[in-house]
Each structure stands twice: as structure tokens, then as C-alpha cells.
Amino acid sequence: MKGEPYDPQQIENRWRDFWRDRGHFRADTGRAERKFYYLNMFPYPSGYLHVGHGRNYIIGDAIVRFLRMRRHNVLNPMGWDAFGLPAENAAIERGIHPRDWTLQNIAYAKDQFRAWGIAYDWDREVTTCLPDYYRWTQWLFLKLFENDLAYKKRADVNYCPSCQTVLANEQVVGGECERCGTAPERKTLDQWFFRITAYADRLLADLAQLDWPEHVKKMQENWIGRSEGATITFPTEIGGAISVFTTRPDTLWGATFLVLAPEHPLVDALTVPERRAEVEAYRRQSGRATEIERLSAERDKTGVFTGSRALNPVTGEPIPVWIADYVLPTYGTGAIMCVPAHDERDFAFARKYGLPIRVVIAPSDGPVPDPRTMTGAYIEPGTMISSGLLSGTPAADALARATAYLEEQRLGERAVTYRLRDWLISRQRYWGAPIPIVYCDRCGTVPIPERDLPVLLPDVPFIGKMGLADISGYADTSCPRCGGKAKRDTDTMDTFVDSSWYFLRFVSPREEEAPFVSDDVNRWLPVDLYVGGVEHAILHLLYSRFITKALYDSGYVSFTEPFKRLFTQGMVCHTAYKCPQHGWLYPKEVNDQRCTKCEQVIATSYFSMSKSKKNVVEPADIIARYGADTERLYTLFMGPPDRDIEWSEDGIRGAWRFLNRAWSVVVGEISRLTGSTVDLDPATLDPDGRALWHKLHATVKKVTEELGDRLGLNTAIAAIMELVNDLSSYVERLEADPQLVRRVVRDLVLLLSPFTPFFSEELWHRLGERQPVLETPWPEYDPEAVRGDEVEIPVQINGKVRARVRMATAAAADRDVLQATALAWPEVQERLRGQEVQRVVVVPGRLVSIVVR
RNA sequence: GCCGAGGUGGCGAAACUGGCAUACGCAGGGGACUUAAAAUCCCCAGAGCGCGAGCUCGUGCGGGUUCAAAUCCCGCCCUCGGCACCA
């Protein structure tokens, strides 16, 4: 059928601003009936967005359009995570101000959203680097400070020499700076921390109530790292005592030495004069190593003896006290008791330095290991031996008994320790929210009063790597308390602070008296569905949860978790080429598997799209060739949204072909349909018409369920493709019913609209509809029609399908009728001849299974 | 090492609660249209055996439960992600 060809450029230009002009995505936060707060993780504006970034927003846009048509009051805002180091580094490279670079990127990204047809409520846009936002980030700091959740401490920190700033523990990945890959150094600085550890238990416990992917919850659980055990006190020979944390108080009778972190406060006192030089040397040496180096498991354990002894509290035996840098000052008490017989690490250390080993758990079968000949720690279960009153206890019960005994004897107590550390938020860089604190000689550390916020970033020419400390005059101020001379804190806050509360601001983004309006926020939060990348599974999500709980405790919000449901979409991967000599290559630099510069054979692999690997696909190119609808459709169709997918040029052509097919079938029918407005009576349709009628309803049901709940957008699209295939075949027929065709075409256009909004709006308009798609209700399905007239029921004989029985749907739903029909079916009769039927299993509406002989 | 997710045609994948394995799409083969090509349309397509009706095998591997297993259970292998000297 010839007709006007599908021309996406023209169509998309026509509708691009339509949804915004009609205010389709302007939420009414003044009321909350049928409210739905949909949120995409907001982007960091770093140049342009590629098709991989697009996936996140396209998924969201499809869901949100669907919800709008289902008459939800949808809040769908967007903003910019606009502070941070990359902007600063990029600005340095280009010799411009990070603010200009950032605002420029924001403008560009907004154009990209517009080209994609992604319709946000732009009236609610927030930009974290603007004073009307960061003013409230500073407010948040003050609230945490008031509640003793922000504190300053002198600490050994990870300092990235390349970024010239400190990194949070979380920002050191695999021993390297998360941003630039440089190995951090250790530095001792006065830094601000947020006391997230105070919430460790609640952050862990409340995971249970979240509808989040299981693996993300597990990652948070690991990160928090709760360990139950006991702290035990070991008196020392010189007086005083050393407290250790252990998860194995039951093995206390086997503790033959103690090890302290080199930084432990008691090391000085414990070191005997003859050992002083050696201990000092060791402390200096380990002080140079970063925490990451110290923790590398491959590294041989080293340590030195302090010369002092402590007393094992249960055996009374004097045991040596060592220091070693595999013991971390920041975990537990910074000191451990060592039970070499039953712990691999302690065993290795004891063997290396010839320390005594004492076995306290005997295998239930086989001989007790001999400390002199053991080659590894015995870590299997068994029975306690040489353990005083615990001897003879099965190891499984020993833990509880040991803990009870220690508490009774006041030698120690039950304790819980976390892997989670407090959140270091000070950064020595310019492009962030200034910390609203001054230091006064007379009054000490003084918070800036709320009414004086924001503490503005000084507006100075940007001259490369610098912090606020480098800007003359910034630090000099007067004390808000006494009016005397004072110095400002010259650090800015970690950007994760900015993003740990932005979801609150979206509800009342222009509020000038407060960061958010509690009543409105309490009505609209938690976010109903939060969609973003797994890369934020720990940091951003954990910090946001912590801030929400802190605000809850001080009465600003009435909910304890910010994101009810989380969905993490997979990454988009693409072929990347690497030349052994020239590194990553653009596809155009590759010819016949060889580098065009040096003719060497290149290596081909798949990676998530990134500028550094030169394997990004630009939406502008795709949109110019195929249109945004094709990109959207392909992005959603190529795989389940939560899985990584591989971008392929062939795949996108498939999506393009489908839209062309759908276009021509709809456009081709329009002339036939004019005037066919009478409601159709499905009862009058012929069998082919009935079949299409059934397919339509089944498709509506499928697409509705996938979009509304399972988020299986790929299978929703597959179902629509099937409908188009069936519709094309049907309209080929001379006696096609125009009423039915009209109905199918209408619903088809609506079903497609969340995925291909331009395409649908255009066809909808051409079908003569006056009301825009988004103001039209989502198609309904009739369960009766979904069932269909006839079904084919497979009949199994001894587990193998041997026949298919066609019968009325209602008859197949009746167990007895189905069984009788199946047994009487000729092919079945044939098969059963001469066989004895032992059993017949009937699943109404589904299957019949016959067991013979 | 610990924790988690996954492994299905040539490829991306589907099968939702144990019930017809491979829907939908890509690539491929054959045909139609065309002077030709592109585009489009129609047909074929898990593997093996058989002239054929058909039969056998088949969801990483090996067992098991069941009338029936991609799906449940036991034991392995591989890939990816997180954590990892956290006491």
C-alpha cells in the first residue's frame, strides 16, 4: 500500500514543544490524590549526553507518560548535580570558569532532552551550584551541626595529589582516586565529618522495608558491615588496660598475643626503652603507607614487639603486645587479640615472628592439631578444649556461653562494630558549597546564622587549581557571635551532600523561606519510583537515606526512607577499538581491523560507552538519521531495562522498519476510516475479526501490566509488534471491518505513545482526534475478550505433546469437558489404542496429561 | 575467600505461579517486484535421523523430585558485579 512516507524530522519538529506548551507535565503538588513521584537520578552536566545516558531518561519518560494517561498526578522533575571536581578540571583545561562551563552544558543537555521528547516539569528545575539551592545545602550542614551529626576532627585522610583534595573512603576505589585514577596519599588534616555511623543500625534495619533490587540492598548491607562480638579488656603489666574487639570471644583462652594499630594511643606508654627506636621507625614507615596499601591482602604482614605484656583475662597468662599495620586504627578499638590456632591471619603472623600457638578447638573426629606441626589455622567447628569452664562445650554453643561468662565476670561486654566510617565531607576545592562555619579566637567554632545564608562562593576569575584558601580576603570575616575578627572555613562540601537532599527540593523548588515545605514534602515523599544507574548503589543512596533519617529525627520530615522503589537500569555497551600503539580509536580510525595510523591489528571489545574509550554513539546522529522515536523504541526494545545491553546499528534499523510498517498501515487505513465512528459490536465480527479483537485486548492487557508494574518494556514492545503484524494481515482482506480497524488503530497509537510520543501524537492528530494523546485515557481491556473464543490445548501422553485440541475457551475451562474432549480427540484415540490409561491430569484452560501403561 | 546476579538458536532475547521451550527482533537462506540495486513484500529457519507420516535429542554440566522442570532440590563448572587482613 502506497502512502505518504514516514518522515520523522518533520513530525518531531512539529510536536517537540507541544507537551511543554500544553503543560502536560506540570505537577500539582498542592494536592496528593493519585500522586506519583517519579524521579530519575539527575545528571552531572559534563558535556553532552550519549545514547547510553539517554536510556535512563527514555525509560522514565515512557513510564511517566503511561502514568499520566492512567490519570495519575505525576511529579516528574529534573535538575543538575552541578558542583564538583570534573567541572573544575574541565574548566581548567579550557581556561574558563566552572560556572560558565556547567551552565553551558546544562543548556546543551536541555536541548538533548527536548530532542528526545522527554517532557519534564521544567518549572521545577534545580541546579545545585546556584545560590538559591546551595544556600539550603548549607542549611542542612547547620542542622546536622546543631544535632551533633557534623563534627570536626583531625584525621588521617586520603588525599589525591592530582585532584588536590581529600577523598571520602567511598571515593577510593581499588586503591585509586575514583575520579582520576591517581593513588591517594595519606595526610593528616582537620576535616568535617557527618556522623553517618550513628545511623548504621537503622540504615541496615530499614533496608527490609524497601522495594529495591536485592543486590543493591546486599551491597549496602556489605558496606555497612555489621559485626557482632565483644569488647574484652586485657590488663597490662604497666597498669592500664587494652580493650579489643573480637567476633570470637569463645577463643579467648587461645589468645597468645595482642596487636595494636601503630597509631593506637597506648603505644607510647607500652613501648619499653630498648624497643623505642624500632617502634618509632615502624610507626614512621607505616605512616607513609596509605590505608589502601596497608589493607592489601597480598602484602606480607609486618610488625614489631613493644616489649610489654598484657594479661589474658581468663588464663592470667602474660602475653606479648605487638604493633602491626594490618590492624586498622579506625575499626573496632584499633587493637585485636590474636588466636593463631584458629585464625589464618594470626597464624601467619605468629609463625613469622615465632609467637606461641595454643589450640582451643578440637576437631570432632581426628586428632587435636599439634601447634608445632600445624601448617594453617584450624577454622572448622569442633569441641572446646583447654578453655577452663568452656572445655567440652560444642563450638556452636561456645560463643554465647563465653560472652555471658565475660559479662558476668566483668571482663568484657557484648559489642557491635561496623565497617561503615563517618562521612568525610571537606574538600579543598573551589567548585562546591562553602562550609558555613567561622573560627573565632574568642568563641571557637561558630556556625553562620541561618539568616545570613548563603555563604556565597566568591565570584573571582577562575585561575586553575585553587581552593577558597587561595582567594585573598575570602577567609577574613567577623564572628557572628562576638563581632570580633574571625576566619571562615575555607573548604567546600563533597558534592554528594548536594545530591543527598535534592529530591526534597523538587516538591517546592522556589520556596524562599525554607529548603522545602514540610507539609508538601510529607504528602509527596517518599519517591514512588527512583530510576538510575547501579553505580550509585552505595554512595548516593546511602547518603540520601542517612540525610532523610537525620531530618526525620529533627522533625522536618515524617518519613524515614526517601525512595520507596528503586530500579537500576543497565548500561549501554558498544564496540571499542584499541590499537597497541595509539590506544583507544574512534571507529573511523579503524579499517579492516587495523589502525589507520600504524596498520597494526587492533583489539575489539565491548565496554559501556565512555568518551575516554571513544565508543560513544551520539543521539544527534541517530536522531538525524532515524528520528528520536526510533532511538527511543530501540533503546527500550533491545533488552530488559535492568540489564546491560549492546548498542547495534542493525538493531536500530529493526526499530526503524517497525515504525515504518506501523506508519504505513495506519496512514493507509485513514481514508477508509473516515466516518467509521459508530461503536462496533464485537459479536458481529467474523472469525478473523474476532481473532484480531482478541489480540487487541490481550495486547492492551500485556502492555498495561508491563508498563505499570514489571517494567518489562522490551516485552511490551514485542507485544505491540505482534499486534501490528496481525493488523497488517487483517487489513489485506477485502472484507476487513472498518469499525474494528479504527478501534485497533486508535488503541495501537495510544499503546505506542509512551514509547514513541512524536509518532503517536502525529498519527493521533491525523486520525482526526482533537484531544492530545496525553489527555486521552489509556485503553482499557475486556477480560472476556482477552480470553478469546477458542483455545488450543496441548495433550501430553507420557510427558510428550502428541496432539493439540482446539475448543471453545469456556469448554476448555471446564475440567470434565476438557478431559472428555481430549480423550475423544481422534489423534489421541489413535495413540491410546491398546494402551491402558493409568491417570489423566487436567489443568483447565491449559493442558491435559495422560499417563498410560 | 565471602556475598549477589546470570548462563536458553548464528546474535539481542521471550516463556510472569512447575504446564506447548525459542514469542518479538537482528543477522542468514529462498522467492516476488525492478533493466539493476536499494527499499518493500512473501516464504524457510534449534540439532540429528527419515523419501515421508514422523521419530529422537535439546535451556552451562552431573544427579534427583514430578504425570510434567529453563523454572523446584542436591553437587559442580563458567561469566559478570560488590566486598575483601574489618578482627
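Lettering follows sequence order; numbering is per chain, from 1.
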Between B/U8 and B/A14, how far is it from one C1' atom to the other, in whole Å?
10 Å
Answer for the Watson-Crick or wobble partner of B/A23, both distances under 3.5 Å, is none
Could you please name the option among B/U40, B/G4, B/C24 that lies closest to any side-chain atom of A/Phe637?
B/C24
Could you let me know what B/G9 is paired to, Watson-Crick or G-U wobble, both distances under 3.5 Å, or none if it's on its own?
none
In terms of ring plane angle, is the pair A/His540 and A/His536 parallel, tilted or perpendicular, where the classes change at 30° and 60°?
perpendicular
With no angle test and no hydrogens, is the base of B/C85 tied to the side chain of A/Lys301 by a donor-acceptor pair under 3.5 Å?
yes
For A/Lys800, which contact category applies under a 4.0 Å heavy-atom criterion: base, sugar-phosphate, or nothing?
sugar-phosphate
In short, A/Ala241 meets A/Thr233 closest at the heavy-atom pair CB-CG2, 3.4 Å
Could you measure between the two P atoms, the one in B/A47 and the one in B/G29, and give it in whole Å?
16 Å
Could you tell me whether A/Glu214 and A/Lys218 make a salt bridge, using a distance below 4.0 angstrom between a side-chain N and a carboxylate O?
no
Do the side-chain N or O atoms of A/Arg710 get closer than 4.0 angstrom to the phosphate oxygens (OP1, OP2) of B/A15?
yes
Contact list (N/O, under 3.5 angstrom) for nucleotides 62-67 of chain B vs protein:
{"unit_1": "B/C67", "atom_1": "OP1", "unit_2": "A/Arg839", "atom_2": "NH1", "d": "2.7"}
{"unit_1": "B/C67", "atom_1": "O2", "unit_2": "A/Ser849", "atom_2": "OG", "d": "2.7"}

Between B/G81 and B/C76, how far apart are the P atoms? Round to whole Å, please.
24 Å
Taking only side-chain N and O atoms of A/Arg643, does any of them lie within less than 4.0 angstrom of OP1 or OP2 on B/G7?
no
Integer-rounded Å distance: B/C85 P and A/Leu260 CG:
20 Å
Rounded to whole Å, how long is the line connecting atom CD1 of A/Ile793 with atom P of B/G19?
14 Å
What distance, rounded to whole Å, do you find between the two P atoms, one in B/U22 and one in B/G31?
28 Å
Classify the glycosidic conformation of B/G52 as syn or anti, calling it syn when the angle lies within 90° of 0.
anti
For B/G1, the nucleotide meeting Watson-Crick or G-U wobble distances (both under 3.5 Å) is B/C83
Say you pick atom P in B/G4 and the same atom in B/G9; how far apart are they, in whole Å?
26 Å
Under 4.0 angstrom, heavy atoms only, what part of the nucleic acid is A/Asn660 near: base, sugar-phosphate, or nothing?
nothing
What's the gap between B/G75 and B/G25 when it is taken at their C1' atoms, as a whole Å value?
38 Å
How many whole angstroms separate atom CH2 of A/Trp656 from atom P of B/U40?
10 Å
Out of B/C24, B/C41, B/C83, which has the shortest distance to the side chain of A/Ala718?
B/C24
May I ask you to verify if any side-chain N or O of A/Arg802 is less than 4.0 angstrom from the OP1 or OP2 atom of B/A68?
no
Aromatic ring proximity A/Phe755/A/Phe637, centre distance under 6.0 Å:
no
Just how far, in rounded Å, is P of B/A27 from CD of A/Glu649?
11 Å
For the pair made of CZ in A/Phe567 and P in B/A5, what is the distance, rounded to whole Å?
16 Å
With both distances under 3.5 Å as the test, what is the Watson-Crick or G-U wobble partner of B/G28?
B/C44
When A/Thr715 and A/Asp650 are each assigned the nearest nucleotide of RNA chain B, the 5'-most assignment goes to A/Thr715
Consider side chain to side chain contact (heavy atoms under 4.5 Å, CB included). Of A/Thr197, A/Leu204, A/Ile538, A/Asp201, which one does A/Ile224 pass it with?
A/Leu204
What is the distance from CG of A/Asn222 to P of B/C3, rounded to the nearest Å?
10 Å
How long is the line joining CZ of A/Phe658 and P of B/G12, in whole Å?
22 Å
Looking across every strand, which nucleic acid part, if any, lies under 4.0 Å from A/Arg419 by heavy atom: base, sugar-phosphate, or nothing?
base
Applying ring-ring contact (aromatic ring centres under 6.0 Å, His included), run through A/Trp423 and A/Tyr543 and close with a yes or a no.
CA-CA 9 Å; A/Trp423 175 14; A/Tyr543 293 153; 3.6 Å; yes
Which is true for A/Gly332 with a 4.0 Å heavy-atom rule: it touches a base, it touches only sugar-phosphate, or it touches nothing?
nothing
Touch class at under 4.0 angstrom, heavy-atom based, for A/Arg831 against every strand present:
sugar-phosphate
Given the side-chain rings of A/Tyr634 and A/Trp647, with only the six-membered ring counted for Trp, is the space between their centroids under 6.0 Å?
yes
Quick one: label A/Asn725 by what it contacts on the DNA or RNA (base, sugar-phosphate, nothing), any heavy atom closer than 4.0 Å.
sugar-phosphate
What is the distance from atom CD of A/Glu669 to atom CG of A/Leu727, rounded to the nearest 0.5 Å?
7.0 Å
Distance in Å, A/Leu406 CG paired with A/Ile232 CD1, rounded so as to fall on 0.5 Å steps:
5.0 Å
Nucleotide nearest A/Ser227 (side chain, heavy atoms from C-beta), chosen from B/A87, B/A27, B/C16:
B/A87
Have a look at A/Pro213 and say if it touches a base, only the backbone sugar-phosphate, or nothing, with a 4.0 Å heavy-atom cut-off.
nothing
Would you call A/Arg833 and A/Glu830 a salt bridge, taking side-chain N to carboxylate O under 4.0 Å as the test?
yes
Please determine, for the side chain of A/Ile336, which listed nucleotide (B/C24, B/A13, B/A87) has the closest atom?
B/A87
For A/Glu705, is there an ion pair with A/Arg710 - N to carboxylate O distance below 4.0 angstrom?
no
If pairing means Watson-Crick or G-U wobble with both distances under 3.5 Å, then the partner of B/C72 is B/G64
Taking the same atom, C1', in B/C33 and in B/A45, what whole-Å distance lies between them?
23 Å
Hey, is the side chain of A/Arg653 poking within less than 4.0 Å of OP1 or OP2 on B/A39, counting only N and O atoms?
no
In whole Å, what separates the P atom of B/A69 from that of B/U56?
15 Å
Give one of base, sugar-phosphate or nothing for A/Glu646, where a contact means two heavy atoms less than 4.0 Å apart.
nothing
Pairing of A/Glu649 and A/Arg653 as salt bridge, 4.0 angstrom limit
no
Name the nucleic acid region contacted by A/Phe245, choosing base, sugar-phosphate or nothing; use a 4.0 angstrom heavy-atom cut-off, strictly under.
sugar-phosphate
Both A/Gly639 and A/Val801 contact RNA chain B. Taking the nearest nucleotide for each, which residue is further toward the 5' end?
A/Gly639
Is any side-chain N or O of A/Tyr331 closer than 4.0 Å to OP1 or OP2 of B/A87?
yes
A/Gln838 CD to B/A68 C1': how many Å, rounded?
15 Å
Pairing check on B/U59: which nucleotide meets the Watson-Crick or G-U wobble criteria with it, both distances under 3.5 Å?
none
